[in-house]
Amino acid sequence: MKIITDEHCIDYFRPGHPERPARITRTLEKLRAQHELTIKWAKPAAFEEAVLLRAHTAEHIARLVKPGDFDADTPFFPNINVRARASVGAALAALKSARAGETVFGLMRPPGHHATRNRAMGFCYLSNIAIAALEALATGVKRVAVYDFDVHHGNGTEAFLINNPGAAFHSIHQYPCYPGTGSRNVGNNCFNYPVAPQTPRAEYRPILTSALEQLQKFKPDLVAVSAGFDAYARDPLAQETLETEDYYWLGQSLRKLGVPLFSLLEGGYSDDLPELIFAYLRGLEGK
């Protein structure tokens, strides 16, 4: 198991904001203390500006260094440009590792799946997973599927990949919920699975399975996972019902696809996040 992280990603915070440094620091403590998984630690990769510009506008990239909050949820920080780029670098390093046959997880903040071509939103500044998916397609991968199990719809990822013949997007998320999108399928390759608040676990798992079955029909050469842990029953930002064992099952289910795969941390704001991530990683490793 390879974990890509950069402890400098804890260097920004706003008091009271749910997307906080403890998400990373407490998960690192958990992973370093455990003995079930053998972990290889790695750093984000460097990359050319053209990789960013394949996805985002030059105006948006320039905006990241200009003071002023992006919206009520997405603050400006003096170093957020550097931190957001590091999250992209982790996604690209994860892509490279997956293509080499490694099991890999990007443990970084900020997350990325809400960021659009020209807008930071929903705690996200750059679209980490979409940038990595587009890089894969530009460098020889024929078919990339994104599987997003964050409780919030991956509106940004969808906007980047819609109608791209080499990509497919599958999002399982609470609806209604932020950001208010994802009520139906869009384009010819973006499949949305809206889940009502308080959906029982016994009904939620089959929805996750249906999305995996749809993904398999695409026959991807590579799977990129937006791993959000906020559909957890005690997450403060949504109203779903999943438990720790459901994330273990998700890891197992993705492992069984038998396709090169990488996962990137998106949401997950409960104090139990380290245990949820650990369960998911154990499932991915078949432990």
Side-chain angles (χ1 to χ4, degrees), residues 105-106 111-114 122-124 127-130 133 144-162 167-218 220 222-235 237-257 259 261-270 273 276-277 279-281 283-284:
F105 185 86
H113 73 152
H114 293 310
F123 316 163
C124 302
S127 186
N128 311 317
I129 206 154
V144 177
V146 175
Y147 186 81
D148 186 334
F149 62 79
D150 189 287
V151 81
H152 303 102
H153 179 238
N155 61 297
T157 311
E158 179 180 270
F160 283 107
L161 300 183
I162 188 169
F169 175 66
H170 308 77
S171 179
I172 311 92
H173 50 270
Q174 181 176 308
Y175 184 88
C177 195
Y178 181 88
T181 52
S183 62
R184 59 182 178 82
N185 297 341
V186 297
N188 56 29
N189 68 332
C190 293
F191 304 97
N192 287 309
Y193 297 80
V195 183
Q198 299 292 344
T199 294
R201 294 170 60 211
E203 297 175 22
Y204 206 123
R205 273 204 198 186
I207 299 169
L208 292 162
T209 299
S210 294
L212 280 173
E213 291 170 348
Q214 181 69 42
L215 180 151
Q216 287 177 293
K217 292 177 183 177
F218 183 63
L222 175 77
V223 175
V225 181
S226 273
F229 297 85
D230 36 11
Y232 178 56
R234 285 163 288 287
D235 194 277
L237 296 194
Q239 298 81 41
E240 290 302 349
T241 60
L242 298 186
E243 296 289 350
T244 306
E245 53 265 38
D246 296 307
Y247 290 104
Y248 177 77
W249 169 83
L250 258 175
Q252 283 185 314
S253 301
L254 287 160
R255 175 186 174 87
K256 290 174 183 176
L257 293 175
V259 177
L261 177 149
F262 67 91
S263 304
L264 305 179
L265 178 63
E266 298 283 3
Y269 307 98
S270 78
L273 179 63
L276 305 179
I277 292 175
Y280 176 69
L281 297 180
L284 282 178

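The shortest distance between side-chain heavy atoms of Leu250 and Tyr147 falls below 4.5 Å. The side-chain heavy atoms of Phe105 and Ile277, taken from C-beta on, include a pair separated by under 4.5 Å. A heavy-atom distance below 4.5 Å is found between the side chains of Leu215 and Pro220. Put simply, the side chain of Val151 does not reach to within 4.5 Å of the side chain of Leu237, judged on heavy atoms. Using a 4.5 Å heavy-atom cutoff, the side chains of Phe229 and Tyr280 are in contact. Residues Ser171 and Glu158 are not in side-chain contact: their nearest non-hydrogen atoms beyond the backbone lie 4.5 Å or more apart. Considering only heavy atoms from C-beta on, Leu264 comes within 4.5 Å of Phe262 through its side chain. Leu284 places a side-chain heavy atom less than 4.5 Å from the side chain of Ser263.
Without hydrogens or angle criteria, Thr241 side chain to Arg201 main chain gives a donor-acceptor distance under 3.5 Å. Without hydrogens or angle criteria, Gln216 side chain to Leu257 main chain gives no donor-acceptor distance under 3.5 Å. Of the possible donor and acceptor atoms, one in the side chain of Glu240 sits under 3.5 Å from a partner among the backbone N and O of Thr199. Remark: the backbone N or O of Gly122 is paired with a side-chain donor or acceptor of Tyr178 at under 3.5 angstrom. Not one N or O on the side chain of Asp150 forms a donor-acceptor pair closer than 3.5 Å with the backbone of Ser226. Listed for the His173 side chain is a donor-acceptor partner under 3.5 Å among the backbone atoms of Gly182. Judged purely by atom type and a 3.5 angstrom limit, Asp235 uses its side chain to pair as donor or acceptor with the backbone of Tyr269. A donor-acceptor pair under 3.5 Å links the side-chain atoms of Gln174 to the main chain of Gln239, judged by distance alone.
Here the CG-OG distance, from Leu208 to Ser253, works out to 8.5 Å after rounding to the nearest 0.5 Å. Atom-to-atom distance recorded for Asp246:CG and Leu276:CG is 10.0 Å, nearest 0.5 angstrom. For the atom pair NZ (Lys217) and CZ (Phe191), the distance works out to 9.0 Å, reported to the nearest 0.5 Å. The line from OG of Ser127 to NE2 of His113 is 9.5 Å long, rounded to the nearest 0.5 Å.
The shortest non-hydrogen separation linking Glu266 to Pro111 is OE1-CB, 3.5 Å. The heavy-atom pair separating Asp230 from Gly267 by the smallest distance is OD2-CA, 3.7 Å. Looking at every heavy atom in both residues, Ala167 comes nearest to Phe218 through C-CZ, 3.6 Å. Across Leu273 and Gly268, no two heavy atoms sit closer than the pair CD2-O, 3.4 Å.
Phe149 has its ring centre no less than 6.0 Å from the ring centre of Tyr204.
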- request: Step by step, work out the side chain to side chain contact (heavy atoms under 4.5 Å, CB included) result for Leu261 and Leu222.
  value: CA-CA 6 Å; Leu261 177 149; Leu222 175 77; over 6 Å; no

task: Decide side chain to side chain contact (heavy atoms under 4.5 Å, CB included) for Asp148 and Val225; before the verdict, give the C-alpha distance in whole Å, the side-chain angles of both, and the deciding distance to 0.1 Å.
output: CA-CA 6 Å; Asp148 186 334; Val225 181; over 6 Å; no

- prompt: Step by step, would you call Ser210 with Ile172 a side chain to side chain contact (heavy atoms under 4.5 Å, CB included)?
  reply: CA-CA 10 Å; Ser210 294; Ile172 311 92; over 6 Å; no

message: Assess the residue pair Ile129 and Phe160 against the criterion (side chain to side chain contact (heavy atoms under 4.5 Å, CB included)); give the C-alpha distance rounded to whole Å, side-chain angles, the decisive distance to 0.1 Å, and a yes or no.
response: CA-CA 10 Å; Ile129 206 154; Phe160 283 107; over 6 Å; no

task: Could you give me the CA-CA distance, side-chain angles and deciding distance for Tyr175 and Thr181, then say whether side-chain hydrogen bond (donor to acceptor under 3.5 Å, both in side chains) is met?
output: CA-CA 8 Å; Tyr175 184 88; Thr181 52; over 6 Å; no

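Checked for salt-bridge contact, Arg205 and Glu245 miss the test: no charged N lies under 4.0 Å from a carboxylate O.
Put simply, the residue from His170, His153, Arg184 that forms a side-chain hydrogen bond (donor to acceptor under 3.5 Å, both in side chains) with Asn192 is His153.
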